[in-house]
Amino acid sequence: MIKSVLIFNNHGKARLIKFYQQIASDIATQQALVQEIFSLVSKRPDTVCNFLEGSKLLGGKDTRVIYRHYATLYFVFVVDESESELGILDLIQVFVESLDRCFQNVCELDLIFHFDEVHHILSEIIQGGMVLETNTTEIVAAIEEMNKAKKKSGGVS
């Protein structure tokens, strides 16, 4: 099961935080958790593997941190032991490709100014910690349909 999805910039500023499973009970602990994940991931050189075992704060040895670093952003998935590390790396790639198609060369500013659409894209891929869709074409088509419906109803695009 996927416990959380996080996106950070190179300075540790969170651009997306989505918890699917209650990891920490209060906001201070959640913030400490996010900081710990960033410090673990950002200190690793690009030549090492993209998998980490979780710390005590994350949930112990049955929790894994899987990440990819693209340009100025870290895409981090915290998962339990039942998930395949390579499958999650592929899922991160699907998420990034979907963002890239929706925003035509996605950048950090797209994540900031279109956070609602980023959450919609993520919810097309993952619901309740379970993977729903991995086909980038299907994900982008669903987002385009949502945008068309929003425009018809007079919503802000």
Side-chain angles (χ1 to χ4, degrees), residues 1-103 105-136 139-140 142-143 146:
M1 180 173 168
I2 298 170
K3 295 182 177 187
S4 61
V5 175
L6 312 161
I7 302 176
F8 304 106
N9 69 9
N10 285 339
H11 304 291
K13 198 81 152 158
R15 296 304 180 202
L16 178 131
I17 298 176
K18 178 72 175 178
F19 288 103
Y20 294 103
Q21 185 179 45
Q22 188 69 22
I23 296 175
S25 58
D26 61 5
I27 292 177
T29 309
Q30 286 179 353
Q31 288 176 340
L33 178 71
V34 168
Q35 279 305 112
E36 180 181 352
I37 292 170
F38 174 73
S39 67
L40 287 171
V41 167
S42 65
K43 291 178 184 175
R44 293 174 59 90
D46 290 336
T47 56
V48 298
C49 76
N50 297 355
F51 318 140
L52 292 167
E53 255 186 21
S55 66
K56 266 240 191 287
L57 188 60
L58 279 171
K61 289 189 176 210
D62 65 333
T63 302
R64 294 192 180 96
V65 176
I66 302 167
Y67 70 95
R68 295 284 303 257
H69 186 209
Y70 294 98
T72 63
L73 297 170
Y74 288 93
F75 290 79
V76 181
F77 281 48
V78 179
V79 301
D80 64 15
E81 61 192 6
S82 67
E83 295 292 337
S84 162
E85 289 92 350
L86 294 176
I88 296 297
L89 281 175
D90 192 39
L91 190 63
I92 293 171
Q93 183 68 30
V94 166
F95 184 36
V96 171
E97 284 180 19
S98 299
L99 289 170
D100 206 39
R101 284 194 195 175
C102 289
F103 295 114
N105 293 324
V106 68
C107 67
E108 187 175 348
L109 290 175
D110 291 321
L111 301 180
I112 295 168
F113 293 116
H114 302 285
F115 65 90
D116 55 337
E117 194 166 343
V118 173
H119 278 277
H120 285 295
I121 293 168
L122 184 60
S123 68
E124 285 293 323
I125 300 170
I126 302 167
Q127 287 269 323
M130 303 302 284
V131 178
L132 290 181
E133 184 63 66
T134 58
N135 185 334
T136 308
I139 296 164
V140 172
I143 296 302
M146 181 198 65

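Numbers here are sequence positions counted from 1.
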I'd like to know if the side chain of T72 reaches the main chain of N10, judged simply by a donor and an acceptor atom lying under 3.5 Å from each other, with no hydrogens or angles considered.
no
Tell me, please, which residues at least two apart from V140 pass side-chain contact (heavy atoms from CB on, under 4.5 Å).
R101, C102, T136, E144
Might you work through the side-chain contact (heavy atoms from CB on, under 4.5 Å) test for Q31 and I27, ending with a clear yes or no?
CA-CA 6 Å; Q31 288 176 340; I27 292 177; 3.9 Å; yes
Can you tell me how far apart CD1 (I92) and CD1 (I66) are? Round to the nearest 0.5 Å.
7.0 Å
Would you say E133's side chain and E124's backbone share a donor-acceptor pair under 3.5 angstrom?
no
Would you compute the distance between atom CZ of R15 and atom CG of L109 and round it to the nearest 0.5 angstrom?
8.5 Å
How about L86 and F51: do any of their side-chain heavy atoms sit closer than 4.5 Å?
yes
N/O donor-acceptor pair under 3.5 Å between H119 side chain and I121 backbone:
no
Nearest atoms (heavy-atom pairs only) where L73 meets N9
CD2-CA, 4.0 Å
Looking only at atom types and distance, does a side-chain atom of R68 sit under 3.5 Å from a main-chain N or O of D90, one as donor and one as acceptor?
no
I7 side chain near V76 side chain, heavy-atom distance below 4.5 Å:
no
Could you walk me through whether Y20 and I126 pass the side-chain contact (heavy atoms from CB on, under 4.5 Å) check?
CA-CA 9 Å; Y20 294 103; I126 302 167; 3.5 Å; yes
Determine whether Q93 and E97 satisfy the following criterion, side chain to side chain donor-acceptor pair (under 3.5 Å), listing intermediate values before the conclusion.
CA-CA 6 Å; Q93 183 68 30; E97 284 180 19; 3.0 Å; yes
Calculate, to the nearest 0.5 Å, the distance between atoms CG and CD1 belonging to L52 and I37 respectively.
10.0 Å
Contact check, side chains of V5 and L122, non-hydrogen atoms, under 4.5 Å
yes
Residue pair H69 / A71: nearest heavy atoms and the distance that separates them:
NE2-O, 3.2 Å
OG of S4 to CG of L6, rounded to nearest 0.5 Å, is 4.5 Å
Keeping the roles fixed (side chain from D100, backbone from V106), state whether a donor-acceptor pair exists under 3.5 Å.
yes
If I take atom CE from residue M1 and atom NZ from residue K3, how far apart are they, to the nearest 0.5 angstrom?
8.5 Å
Does a side-chain N-to-carboxylate-O contact under 4.0 Å join R64 and E85?
yes
When rounded to the nearest 0.5 Å, the distance separating CG of L99 from NE2 of H114 is 11.5 Å
Does the side-chain contact (heavy atoms from CB on, under 4.5 Å) test come out yes or no for F103 and E117, once each step is laid out?
CA-CA 10 Å; F103 295 114; E117 194 166 343; 4.1 Å; yes
Given the options D80, V79, I125, I2 meets side chain to side chain contact (heavy atoms under 4.5 Å, CB included) only with V79
Please tell me whether F8 and F38 form a close aromatic pair, meaning their ring centres lie under 6.0 Å apart.
yes
F115 vs L16 side-chain heavy atoms within contact, under 4.5 Å
no
Restricting to non-hydrogen atoms, name the atom on L132 and the atom on S123 that form the minimum distance, rounded to 0.1 Å.
CD1-O, 4.0 Å
Would you say the ring centroid of F77 lies under 6.0 angstrom from that of Y67?
no
